[in-house]
Amino acid sequence: SNVDARYGPGPFLISTDVQPDKTGEALVELFVQLDTLKTGGVTDEELALARANFVRSLPGLFAVAPLQSAQAVETCARGLPPDHHQKLAAAVEAVTADQVKAAAGRAIQIDDLVVVLVGDRAASTAGLEGKGLGELVFINRDGTPAKCAPPRARDAGGADERARLRRRPAGPGAAVAAAPRGRARA
């Protein structure tokens, strides 16, 4: 996961590789983990591991000249003091579990999340129905709604499966978008 550090609101990104036929279960677990983080916070062990991993990663920000330049630009662009990175490790080490819980409570808005799936559309979306994950919308590369039906069989009455996928199920309102492999843009 990654939080885009900026002055105003920004994205909180989570990415993972999941077996296509396990996408539904993985998304349900993701929402459980986010809700746990938001409402219950982290354990002391989790916080210690996260702190250690972050602090150990800091030297990598300056490993080669292009990264050093990038950090200098970021420091200036964000108006940070020149010693920001020297003080960052100590600041991270000082973060408490209560502060993490409070920040998660403010930042994680589960009902506003958007999940983007990229891969085999039929396999990735097959297990999503009935899990309360929100409306499934298919989009084109440019972000416009796809006009084609998902690659699934039509029901016995010949109705387009897409109509059933566009309903908004009860439960958390996560909008889910799927793009066929090779069609999504970063």
Side-chain angles (χ1 to χ4, degrees), residues 1-19 22-23 25-119 124 133-134 137 139-144 172-179 181-186:
S1 63
N2 180 33
V3 175
D4 185 16
R6 55 175 73 187
Y7 286 117
F12 173 58
L13 305 173
I14 301 171
S15 65
T16 186
D17 292 324
V18 176
Q19 288 178 241
K22 303 295 184 197
T23 301
E25 291 86 355
L27 287 173
V28 168
E29 180 60 22
L30 171 70
F31 285 112
V32 167
Q33 293 297 320
L34 288 172
D35 188 56
T36 299
L37 179 60
K38 182 175 177 146
T39 60
V42 295
T43 66
D44 291 336
E45 295 81 21
E46 290 169 329
L47 181 56
L49 180 62
R51 280 188 197 131
N53 287 337
F54 183 82
V55 169
R56 287 185 199 131
S57 74
L58 290 175
L61 297 175
F62 301 94
V64 293
L67 292 176
Q68 294 166 8
S69 297
Q71 289 306 313
V73 168
E74 285 292 315
T75 300
C76 290
R78 295 173 193 252
L80 300 171
D83 62 349
H84 168 74
H85 288 93
Q86 285 85 4
K87 294 180 177 179
L88 187 55
V92 168
E93 291 290 353
V95 171
T96 68
D98 287 338
Q99 289 172 319
V100 171
K101 181 179 177 184
R106 289 188 309 272
I108 298 173
Q109 303 300 318
I110 292 175
D111 290 341
D112 293 335
L113 292 180
V114 174
V115 175
V116 178
L117 303 174
V118 179
S124 295
L133 296 171
V137 177
I139 58 173
N140 294 317
R141 183 188 301 198
D142 64 359
T144 59
V176 181
R181 175 173 290 154
R183 298 287 199 151
R185 259 198 296 195

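Residue indices begin at 1 and follow the sequence shown. Keep in mind that the numbers below use all heavy atoms, side chains included, and drop hydrogens, waters and symmetry copies.
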I would like to know whether Ile139 and Val116 meet side-chain contact (heavy atoms from CB on, under 4.5 Å); could you show each step before the answer?
CA-CA 10 Å; Ile139 58 173; Val116 178; 5.7 Å; no
Side-chain atoms of residues 65-73: list all donor-acceptor pairs with protein atoms under 3.5 Å, sequence neighbours left out, distances to 0.1 Å.
from, atom 1, to, atom 2, distance (Å)
Gln68, NE2, Phe62, O, 3.0
Ser69, OG, Ala65, O, 3.2
Gln71, OE1, His85, NE2, 2.9

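- In terms of modelled atom types and a separation under 3.5 Å, the side chain of Glu45 and the main chain of Val42 share no donor-acceptor contact.
- Across all their heavy atoms, Leu47 and Thr96 have their closest contact at CD2-C, 3.6 Å.
- Sequence neighbours left out, not one pair with a member in residues 90-119 passes ring pair (Phe, Tyr, Trp, His ring centres under 6.0 Å).
- Residues Leu88 and Val55 have side chains not in contact (no heavy-atom distance under 4.5 Å, counting atoms from C-beta outward).
- How far CG of Asp35 is from CD1 of Ile108: 9.0 Å, rounded to the nearest 0.5 Å.
- Taking each heavy atom of Gln33 and Glu29 in turn, the nearest pair found is NE2-OE2, 2.6 Å.
- In this structure, the separation between CZ on Phe31 and NZ on Lys38 is 12.0 Å, given to the nearest 0.5 Å.
- Partners of Ser124 according to the side-chain contact (heavy atoms from CB on, under 4.5 Å) rule, which considers only residues two or more places apart in sequence or in another chain, are Pro20, Thr23.
- With rounding to the nearest 0.5 angstrom, the CG atom of Leu49 is 12.5 Å from the CG atom of Asp44.
- We find the CG-NZ distance between Leu27 and Lys22 to be 13.5 Å, quoted to the nearest 0.5 Å.
- Between Val115 and Leu133, the closest side-chain pair of non-hydrogen atoms is not below 4.5 Å.
- A donor and an acceptor atom, one from each side chain of Asp142 and Thr144, are located under 3.5 Å apart.
- Within the 3.5 Å criterion, the main-chain N or O of Leu37 finds no donor-acceptor partner in the side chain of Lys101.
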Val18/Leu117 under side-chain contact (heavy atoms from CB on, under 4.5 Å): CA gap, chis, key distance, verdict
CA-CA 10 Å; Val18 176; Leu117 303 174; over 6 Å; no
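- Among residues at least two apart or in separate chains, there is no salt bridge (charged side-chain N to carboxylate O under 4.0 Å, His left out) pair with a member in residues 46-71.
- Remark: Lys87 pairs with Asp83 by the salt bridge (charged side-chain N to carboxylate O under 4.0 Å, His left out) rule, at least two apart or across chains.
- Checked against salt bridge (charged side-chain N to carboxylate O under 4.0 Å, His left out), Asp17 has no partners two or more places apart in sequence or in another chain.
- Counting heavy atoms from C-beta outward, Leu30 and Thr16 have side chains that stay 4.5 Å or more apart.
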